[in-house]
Every structure is written in structure tokens, then in C-alpha cells.
Amino acid sequence: MRVIVCGGGVIGACTAYFLSRGDIDVTVVERSEIAAAASGKAGGFLARDWCAGTPLDALARRSFTLHAQLPHEVAGDWAYRRMTAYGGYVAGDDAQRDAPSALGWLSNGVVIAHRLGTTDTTAIVHPRKFTSAMMNAALAQGTRLRQGRVTGIVRDADGMTVTGVEIEGSVIEADAVVIAMGPWSLLAAQWMTLPAVYGQRSPSIVYDTGTDVPADALFLEHESGGETVSIEVFPRADGSTHITAFSDIAPLPLDPAAVVPEQDAIARLQAVSERLSPAFRADRIIARQACFRPVTQDGLPLIGRVPNSEGLYVATGHNVWGILNAPATGEALAELVTEGAASSVDLTPFDPARLRPLDPSLLQAR
Ligand SMILES: Cc1cc2nc3c(=O)[nH]c(=O)nc-3n(C[C@H](O)[C@H](O)[C@H](O)COP(=O)(O)OP(=O)(O)OC[C@H]3O[C@@H](n4cnc5c(N)ncnc54)[C@H](O)[C@@H]3O)c2cc1C
């Protein structure tokens, strides 16, 4: 069986890894480089039970377990570690402003209100290193990587059954095709019956904090310019700390390589970060970046068969939990493609047929 995975983000890499463990001929087509988009620029935070009470719960729990197993199965170091997570706020002009923080590495006035996760329930990876390691493991199992832009799907005479993928004028044949192009999966709605996928932009700054910042993830609220801003701080085991805030809605550039941060958002983020801890000094900044996470209309991913097609699958729309949920998505999708049904997780809540398909004429008008 020949399977083409379109997109080399964390979802494409994990899908290729699990497919290539079977007797499957896998090709990943990536237009830029592995982890070029959100999968290389995310925080990498993982939580076992933060999706409890939602349709994502089983997928998240399975993925959290796989994240703990993969360092024993796959070569490479992607800085997997368990961590503690805290919630709180940055005090404004009041008595708390000068009070020492409960966590010694934070500045006065950073108030820790509650613990959100322990080393049993929360963890982190370096997302670019994780995605690359999964892709390298797939390559070691025989997967091929082809650089190029997927520009269409090829079908047989009945118009239903997929026979390959078009890459800028050339065609590679396949028995099954998986669309895993993150927010750019939207473009695939021109070629198949697919619901809309949107991109939500977030800027982030990465600091080289070495051993100055312990394994404490932070979810903080801060009053800034009359609005309440949510700040997320993710110290990783390789000594880098990722800080993000100020998500906004912006047009998705057609080329993933054209995603750049707004200078104003980065300046605001840098100012907030400096307020949190002396560890976040300007001379320690190693990346100022932005990325678009893929979002669907109901906030749940699309994982499963594409309606009205034979041999066509999609895995995208993972929103804020794409790094967490990639392993279980890849595992379940590999089962669906090769065995006809997913056995590790119930994919029913993520069936692409649950949402109204996007009218392709809206894309042509873009
Ligand atoms: C600031 C930020 C922080 C985040 N933090 C976390 C976190 O802490 N934990 C967590 O679980 N999740 C987090 N996320 C979410 C996570 O990053 C995403 O859900 C996940 O990376 C999406 O992966 P993907 O593979 O679907 O898409 P992408 O990473 O966007 O990958 C899609 C790939 O497809 C390629 N592509 C596009 N078009 C084509 C084409 N025509 N042909 C071939 N290739 C193509 C692109 O170049 C890209 O490499 C965060 C996101 C952001 C923005």
C-alpha cells in the first residue's frame, strides 16, 4: 500500500511514523521543511486531563501516554520532561505589587494562585525537536521525504477514488492520501469536500534561560492597556523558555515561510516577559516568532475519512493541543488507513462529515 502524507508538521510526522511501522510505502510531501510552521514554534506543553469533560479527553490521555513511551522507542532527544503547572496573575498597582512571589525565580508581584498540574499530569517537549525525531524515525523505517508543494489530488475515472497527488505539475501515485497541512489544509477544500480550517496567529519569544528557570509552566493573567491578557510560560529541558500571549486573527499567508511576527506584538510580549522574572532579559532572546494554529468551526480537530472520496483522509484542526495530540492522532489514523478502523481511540467526534463543507468558490475568490 502506498500512502502520501501531505504536510511535514507534527501531525504529518507522527502519522508517517505510525504508518511506517507497518508494511506501508510512505511518502511525506512538505513544501518548506519539517516543522516549518506551528509545529516548530509552539510551546510544547502536554497535559493528561485538561480536556476532561470534552470529546478530546480520550485522545489527549492516549497521547499523553504515548509521549511518555516514545523516548524509549525513538532515537533522539527532544527534551521530554514532566513538570508542574501554576496559575496566577501579575499584580497591578496594589499592595501585592511588592510582595515576594511564591516561586523564588519570579519577580515580586507575580502572584501564584493555584497549582494546575503536577509531574503526574503535565509535561513538555521541544516541539521542533520532537517533530524532527518522529520524522527521522519514519525515515529510518523507510518513509521518503519529498520537498514540494501539493497542488491537487488525482482521482480515477469515477471521480471518487484517489490515485495520487499533484506536486507543482508532477504526479506521485498513491492508494491513500492524508491531508495534514495545518491551517493550509483550507486550500485542500478546492480539491475535496472539506470543512473550513482557520489559522489563529500567536507571537512568541524564546529565551535562553539555561538552568535559571525550573520546570514550572505558568498560566498568568495580566492587565495590559486596559485589557486582560493571558500569558503562557513554558520552560523546557534544553534550557530554552517559550513565552506566548496576544493571540489575534490575521490573514493566513499562502506561503508558510511568509509568517512573520508583528513588531508591536513582540515589543509588548517582551515588556510583559521582563516584568515576570529577571531571567527574561533582552540579551537572552534567541527567537522572536509567530505561528498560526489550525482551528475548525467547533474547535475540534478533523481526523478521519474525507466525505465523498475513496482513499482520502484528513488530520488537522488541532488548535492549542496539536503537539499533545499528535501521537494518538498518528496512531489512530494509521489504523484507519491500514485496517479500515481506528482501534486505539474512537475517532467519531472528529469525523470531518460532522461539519458543513466549505464552498470552494469562496477560496477561488481569495
Ligand atoms: C504560539 C503557539 C503555541 C502553542 N503551544 C502548544 C503547546 O504548548 N502544546 C500543544 O499541544 N500545542 C501547542 N500549539 C498548537 C500546535 O502548535 C499546533 O496545533 C500544531 O503544531 C499543528 O500541527 P500541524 O502538523 O497540524 O500543522 P503545521 O505545524 O502548520 O504543519 C503543516 C505543514 O504543512 C506544510 N504545508 C502547507 N501547505 C502545504 C502544501 N501545499 N504542500 C506541502 N506541504 C504543505 C507546512 O509547510 C507545514 O510544515 C501552539 C501553537 C502556537 C501557535
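Read the numbers this way: they start at 1 and go in the same order the structure lists the ligands and their atoms.
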Find all atoms of ligand 1 within a distance of less than 4.0 Å from any non-hydrogen atom belonging to [X], and give their numbers and elements.
| X | answer |
| --- | --- |
| Val29 | 43 (C), 44 (N) |
| Gly148 | 42 (N), 43 (C) |
| Arg149 | 41 (N), 42 (N) |
| Thr244 | 1 (C) |
| Trp321 | 10 (C), 11 (O), 12 (N) |
| Leu324 | 10 (C), 11 (O) |

Taking distance alone, with no angle check, do [X] and ligand 1 share an N/O pair under 3.5 Å?
| X | result |
| --- | --- |
| Phe234 | no |
| Gly12 | no |
| Asn319 | yes |
| Val10 | yes |
| Val320 | yes |
| Ile11 | yes |
| Gly43 | yes |
| Cys291 | no |

Review point. Under the side chain to side chain contact (heavy atoms under 4.5 Å, CB included) criterion, do Arg97 and Asn108 qualify, and how do the steps go?
Key: CA-CA 6 Å; Arg97 198 179 158 82; Asn108 289 356; over 6 Å; no
[atom]: which of [options] has the nearest heavy atom?
| atom | options | value |
| --- | --- | --- |
| atom 27 (O) of ligand 1 | Ser202, Gly44, Gly317, Gly182 | Gly182 |
| atom 21 (O) of ligand 1 | Ser39, Ala47, Pro183 | Ser39 |
| atom 35 (C) of ligand 1 | Glu30, Arg31, Met181 | Glu30 |
| atom 17 (O) of ligand 1 | Ala245, Ala36, Ala42 | Ala42 |

Return the residue, atom name and 0.1 Å-rounded distance of the protein heavy atom closest to [atom].
| atom | value |
| --- | --- |
| atom 41 (N) of ligand 1 | Val150 O, 3.1 Å |
| atom 38 (N) of ligand 1 | Trp184 CB, 3.5 Å |
| atom 31 (O) of ligand 1 | Gly9 CA, 3.5 Å |
| atom 8 (O) of ligand 1 | Phe45 N, 2.8 Å |

Check your understanding: CG of Asp158: more than 12 outside heavy atoms within 6.0 angstrom?
Key -> yes
Review point. How about Arg115: does its CZ atom have over 12 heavy atoms from other parts shown lying under 6.0 Å from it?
Key: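 No, the 6.0 Å shell around CZ holds no more than 12 heavy atoms from other groups.
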Check your understanding: Does ligand 1 have any atom sitting under 4.0 Å from a heavy atom of Pro127?
Key ->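 No.
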Review point. Which one holds for Pro256 and ligand 1: side chain close, backbone close, both close, or neither close, with close meaning a heavy atom under 4.0 Å?
Key: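 Contact part for Pro256 vs ligand 1: side chain (C-beta onward).
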Check your understanding: If you take all heavy atoms of Gln270 and Ala282, which pair is closest and at what distance?
Key ->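 Scanning both residues, the minimum pair turns out to be NE2-CB, 3.5 Å.
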Any side-chain heavy atom of [X] sitting closer than 4.5 Å to one from [Y]?
| X | Y | value |
| --- | --- | --- |
| Asp216 | Trp105 | yes |
| Tyr80 | Leu70 | no |
| Val197 | Val314 | no |

Check your understanding: Which residues pass the ring pair (Phe, Tyr, Trp, His ring centres under 6.0 Å) test with Trp50, sequence neighbours left out?
Key -> Phe45, Phe219
Check your understanding: Any Lys/Arg nitrogen of Arg268 or Glu227 sitting under 4.0 Å from an Asp/Glu carboxylate oxygen of the other?
Key ->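 Looking at Glu227 together with Arg268, the answer is yes, because their closest N to O distance falls below 4.0 Å.
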Check your understanding: Are Asp208 and Arg284 close enough for a salt bridge, meaning some N to O gap below 4.0 Å?
Key -> no
Practice item. Report the distance from atom CG of Leu46 to atom CG of Asn325, rounding to the nearest 0.5 Å. Key: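 Reported value, rounded in 0.5 Å steps: 9.5 Å.
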Flag for [Y]-[X]: side-chain donor and acceptor within less than 3.5 Å:
| X | Y | result |
| --- | --- | --- |
| Thr209 | Thr241 | yes |
| Glu232 | Thr244 | no |
| His126 | Ser240 | no |

